[in-house]
> 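This structure is in structure tokens; I'll ask about it shortly.
The first residue in the sequence is number 1, and the count goes up from there. The shown structure was predicted, so the numbers you read here are calculated from the model rather than taken from an experiment.
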Amino acid sequence: MTEVERRKRGEKSVIIVRRMVREQLRAMGCERFDLGIRRDAGEMILWEEQGFIEIEEAIKWLRHENGKGAHIYIRPAGTHGLSLIDDLTADGIERLKADGFQPAVVVETSPNNFQAWLNHGQVLETALSTRAAKALVERFGGDPSSADWRHFGRLAGFTNPKRQRQLCSGVRPFARLRSAIGCVYPKAAEFLADIRKSNDDGAGQGEQPYKRSRRSKKPVGPKRLREFHNDPIYAGDLHRADMAWAKHAAGAGLTLEQIKTELLDGRDLGKKGNHKRQVEYAERTARKAIE
């Protein structure tokens, strides 16, 4: 193949990827997105509040990073009206459709392994969004550890670098956009009403035991940050582990300054840049956790 032919082939590939990315983002129906680029060494690069134009302009660079083994992820920025179900089979996708939970987006991340984004038709506050994601996984299967309001999914058009997902030939599979209809699923209103009702019922039934436990037990401090760093659930993604610990610490009563200090001392943040950038990262993480 000549240099000219290689260049033309590369340009054609970029056009195909750009089309898939555009279709996925439109079907997700958000104005802004967060891009996650997790490099092979575990470093997580987070680009927040990206619009359509910014993401399209970054495609060539994203392909370059992906070619070096980086995972390319996408999620809605801020609060939103979507839920991600990860690690579904083809049968799981069919069950969603048959039960009135037609996904807005379906991405095949490796052969017979799917991610589905469901559109609830309304923006959900974070706690309700997480409850909805967990209820969907309980009903239709998938990965429970991915069931929260803030989880990343794969961006179609890029390869899946997970070694366990490699094809028999050793080639990394592409994340393929299988469906991008962008609709609100038919059972959305009914499903969310059930989630809200079950939460109200649970809160009412659990009120007295909670008060008794407060009188009978001493407060328990937060877990150590290193426990989250070493937890296999985060697969070496220390950015996710930091945020998970920060949320845990905020729930245990730590202040913004306490959380920020622990994040700065918890690991080497040199990859984030100079000291100013490291402090900005720690403060941003702490603030999001508390909010």
> Starting at CG of Asp237, measure out to NE2 of His229 and round the result to the nearest 0.5 Å.
10.0 Å
> Pairs in or reaching into residues 258-291: which pass ring pair (Phe, Tyr, Trp, His ring centres under 6.0 Å), with residues at least two apart or in two chains?
His239-Tyr281
> Of all heavy-atom pairs between His151 and Trp117, which one has the smallest distance, and what is that distance?
O-CH2, 3.8 Å
> State, yes or no, whether a side-chain contact exists between Phe228 and Asn230 at a heavy-atom distance under 4.5 Å.
no
> Crowded around Ile53 CD1? As in, over 12 foreign heavy atoms under 6.0 Å?
no
> Side-chain heavy atoms nearer than 4.5 Å, only ILVMFWY residues, links allowed to pass through others: does that put Phe140 and Ile181 together?
no
> Looking at Leu225 and Gly266, what are the two nearest heavy atoms and their distance?
CD2-CA, 3.7 Å
> Under 3.5 Å, which donor-acceptor pairs do the side chains of residues 121-130 form with other protein atoms, sequence neighbours left out?
| residue | atom | partner | partner atom | Å |
| --- | --- | --- | --- | --- |
| Gln122 | OE1 | Arg196 | NH2 | 3.0 |
| Glu125 | OE1 | Ala127 | N | 3.0 |
| Glu125 | OE2 | Leu128 | N | 3.0 |
| Thr130 | OG1 | Thr126 | O | 3.3 |
| Thr130 | OG1 | Trp149 | N | 3.2 |

> Would you please name every residue forming a salt bridge (charged side-chain N to carboxylate O under 4.0 Å, His left out) with Arg224, sequence neighbours left out?
none
> What closest approach, in Å, do Ala188 and His120 show between heavy atoms, and which atom pair accounts for it?
CB-O, 3.6 Å
> Is there a side-chain contact between Leu88 and Gln115, using heavy atoms and a 4.5 Å cut-off?
no
> In residues 90-105, what donor-acceptor pairs under 3.5 Å come from side-chain atoms, sequence neighbours left out?
| residue | atom | partner | partner atom | Å |
| --- | --- | --- | --- | --- |
| Arg95 | NH1 | Arg139 | O | 3.3 |
| Arg95 | NH2 | Arg139 | O | 2.9 |

> Side chains of Leu118 and Leu82: closer than 4.5 Å at any heavy-atom pair?
no
> Below 4.5 Å, heavy atoms only, C-beta onward: do Arg38 and Phe152 meet side chain to side chain?
no
> Are Phe52 and Trp47 linked, directly or through other ILVMFWY residues, by side chains that come within less than 4.5 angstrom of each other?
yes
> Looking at every heavy atom in both Leu256 and Ala286, which two are closest together, and how far apart are they?
O-CB, 3.8 Å
> Applying salt bridge (charged side-chain N to carboxylate O under 4.0 Å, His left out) as the test, list every pair that has at least one member in residues 67-86; sequence neighbours left out.
Asp34-Arg75, Glu65-Lys68
> For the pair Gln24 (side chain) and Val21 (backbone), establish whether a donor and an acceptor sit closer than 3.5 Å, ignoring hydrogens and angles.
no
> Taking side chain as C-beta onward, heavy atoms only, is Tyr185 less than 4.5 Å from Ser83?
no
> Verify the cluster assignment for Leu238 and Leu46: are they in a single hydrophobic cluster under the rule of side-chain heavy atoms below 4.5 Å apart?
no
> NZ of Lys187 to CG of Leu192: how many Å apart, nearest 0.5 Å?
13.0 Å
> Return the set of residues passing salt bridge (charged side-chain N to carboxylate O under 4.0 Å, His left out) with Glu138 (not counting sequence neighbours), or none when no residue passes.
none
> Can you list everything that forms a salt bridge (charged side-chain N to carboxylate O under 4.0 Å, His left out) with Asp40? Sequence neighbours excluded, please.
Arg163
> Where do Glu23 and Ala180 come nearest, in terms of heavy atoms and distance?
O-CB, 3.9 Å
> Please name the pair of heavy atoms, one in Met20 and one in Leu177, separated by the smallest distance, quoted to 0.1 Å.
O-CD2, 3.7 Å
> Taking a hydrophobic cluster as the set of Ile, Leu, Val, Met, Phe, Trp and Tyr residues connected by side-chain heavy atoms closer than 4.5 Å, whether directly or through intermediates, do Leu35 and Trp61 fall within one such cluster?
yes
> Under 4.5 Å between any side-chain heavy atoms of Ser146 and Asp87, yes or no?
no
> Which pairs, with at least one residue in residues 173-184 and sequence neighbours excluded, count as a salt bridge (charged side-chain N to carboxylate O under 4.0 Å, His left out)?
Glu108-Arg178
> How would you list all residue pairs meeting salt bridge (charged side-chain N to carboxylate O under 4.0 Å, His left out) that involve residues 244-264, not counting sequence neighbours?
Glu257-Lys260, Lys260-Glu283
> Not counting sequence neighbours, which residues clear side chain to side chain donor-acceptor pair (under 3.5 Å) with Arg154? List them please.
His71, Asn160
> Indicate yes or no: at least one non-hydrogen side-chain atom of Phe114 is less than 4.5 angstrom from one of Thr89.
no
> Looking at CG of Asn66 and OG1 of Thr159, how far apart are the two atoms once the value is rounded to the nearest 0.5 Å?
3.5 Å
> Once rounded to the nearest 0.5 Å, what's the spacing between atom CG of Asn274 and atom CG of Leu269?
12.0 Å
> Quick check for you: to the nearest 0.5 Å, what is the distance between Glu280 atom CD and Arg277 atom CZ?
6.5 Å
> Under the salt bridge (charged side-chain N to carboxylate O under 4.0 Å, His left out) test, which residues partner Arg267, sequence neighbours left out?
Asp242
> Does the pair Leu25 and Ile74 meet the rule for a side chain to side chain contact (heavy atoms under 4.5 Å, CB included), with working shown?
CA-CA 9 Å; Leu25 298 185; Ile74 195 77; 4.0 Å; yes
> When rounded to the nearest 0.5 angstrom, what distance separates CZ in Phe33 from CG in Leu155?
9.5 Å
> Under the rule for side-chain contact (heavy atoms from CB on, under 4.5 Å), what residues qualify as partners of Glu31, not counting sequence neighbours?
none
> Got a salt bridge between Lys223 and Glu227, using NZ or NE/NH1/NH2 to carboxylate O under 4.0 Å?
no
> Any side-chain heavy atom of Thr285 within less than 4.5 Å of one from Ile259?
no
> Do you reckon Tyr73 sits in the same ILVMFWY cluster as Leu62, going by side-chain contacts under 4.5 Å, direct or chained?
no
